[in-house]
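Only heavy atoms go into these numbers, but all of them, side chains included; no hydrogens, no water, no symmetry mates. Read the numbers this way: they start at 1 and go in the same order the structure lists the ligands and their atoms.
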Amino acid sequence: MVTKIVKATGDPALDRDVMEEASGIIRAGGIIAIPTETVYGLAGDALNPESAKKIYKAKGRPSDNPLIVHIAKLDDLERIAYGIPQDAYDLAGRFWPGPLTMVLKKKDIVPMETTGGLRTVAVRFPVNAIAREFISASGGYIAAPSANLSGRPSCTTAQHCIEDLDGRVDMIIDGGEVGIGLESTIVDMTVNPPCILRQGYINREMLNETLYSVEDEREKELSEDDHPKAPGMKYRHYAPKGKLFLVKGERSKVAERINKLLRIHEEEGCNTAVIASHEDRDLYRCEGPVIDIGSLEDEDTIAHRLFSVLRDLDECGAEYIYSECFDTPRLGKAIMDRLTRASGNSVINAE
Ligand code: AMP
Ligand code: MG
């Protein structure tokens, strides 16, 4: 398949031709990588089971890992979900359009292929202007998981989408770099109290300003045969090609420990790299790159750079990568969720 790469601006007058072509592709059952404010998405018609199958195939994603359905106006919600609780309308009023996904009971119009066999549907109303134009032009219901190959870091630029999906999708719409760089927060609204299934830009404190009570799936005691409620959370994700380890503890001890480990790998002739905060990057003695992910005072930048840093590490051929932990106040949980999964849960305590 030849992948057409086009640019869009977010200005409807300038994007008219692109949107006309893109919506024709979607209505014919094709798939397109599109920018959103969180990460790039791989879009298809959410109401067409064949489109969902194509998305799974292009990403190499297991078909039990459901897709998020994107809408471009609140009125469209009731056509795909029922039994919507007041809390969901309250959250929509506060955070939509924006980086919040809500899991609701699904109506039959949404095929099981889109929801990975679940009777619930995850819905988001993005704020990105290109995404909104595109969804409206394409019939209003767009299934769009992250536009990376399954297991790889999510895409924050069109270039990342080209790396992963060139030849596998009909079109890539280049809308420049995304704003946030972390996927949406997912909240299950089918349970009482609502429950956070995936941490994101909208954190628990922000949700609590609207909701009386909200739980966090990761803080619940899981019994042995329990499975994660967001099926995607069980898969290894975001992994760079080299082996990533996270080192936690007091900052000077973390650097000391990482330096020791680097020396061992380097004596064995292996390529190494470090992911460090701007403040601590000079503490490392590494033959490979020490990547400055941003200042601890600027957590938005750390979140924004995370996935592209993980991809850059592949470019430089790092075999062993050590990262500091970034437990920043607002986005720390979401950032550490992605990093922990990228490391396959390899966390070293430096104390
Ligand atoms: P991604 O598309 O890569 O952002 O991943 C979508 C995430 O949403 C995955 O972790 C899915 O498991 C989760 N998800 C999608 N639909 C549902 C649903 N109906 N119930 C629970 N989680 C869902
Ligand atoms: Mg993903």
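Atoms of ligand 1 lying under 4.0 Å from any heavy atom of Ala122, numbered from 1 in the order shown and given with element: 15 (C), 16 (N), 17 (C), 19 (N). Heavy-atom contacts of Leu118 reach the following atoms of ligand 1: 18 (C), 19 (N), 20 (N) (cutoff under 4.0 Å). Below 4.0 Å from some heavy atom of Pro145 lie the following atoms of ligand 1, by number and element: 2 (O).
Considering all non-hydrogen atoms of both residues, Ser346 and Leu244 come closest at CB-O, 3.8 Å.
No side-chain donor-acceptor contact under 3.5 Å links Asp337 to the backbone of Lys333. Of the possible donor and acceptor atoms, one in the side chain of Glu37 sits under 3.5 Å from a partner among the backbone N and O of Asn128. Checking side-chain atoms of Tyr212 against main-chain N and O of Asp87 turns up no donor-acceptor pair under 3.5 Å.
Taking the six-membered ring for Trp and the full ring otherwise, the centers of His265 and Tyr322 sit less than 6.0 Å from each other.
For a threshold of 3.5 Å applied to N or O pairs, the pair formed by Arg198 and ligand 1 contains at least one separation below that value.
A side-chain contact (heavy atoms from CB on, under 4.5 Å) with Val69 holds for exactly one of Asp76, Ile80, Leu77, Ile135; it is Ile80.
Neither the backbone nor the side chain of Lys59 comes within 4.0 Å of ligand 1, counting heavy atoms alone. Looking at Asn65 against ligand 1, only its side chain comes within 4.0 Å, counting heavy atoms. The parts of Thr120 lying near ligand 1 are both backbone and side chain, judged by heavy-atom distances below 4.0 Å. Contacts with ligand 1 closer than 4.0 Å are made by no heavy atom of Thr115, backbone or side chain. The side chain of Leu197, and not its backbone, has at least one atom closer than 4.0 Å to an atom of ligand 1 (non-hydrogen atoms only; side chain from C-beta on).
Of the listed options Arg61, Lys105, Arg119, Glu183, Arg61 places a heavy atom closest to atom 5 (O) of ligand 1. For the residues Asp188, Leu67, Ile186, the heavy atom positioned nearest atom 7 (C) of ligand 1 is part of Ile186.
Among the atoms of Ser150, no N, O or S atom falls under 2.8 Å of the Mg ion (ligand 2).
In this structure, Lys59 fails the cation-pi test against Tyr56, since its NZ or CZ atom is not both closer than 6.0 Å to the six-membered ring centre and inside 45 degrees of the ring normal.
For NZ of Lys7, the number of neighbouring non-hydrogen atoms (other residues, nucleotides, ligands) closer than 6.0 Å is 12 at most.
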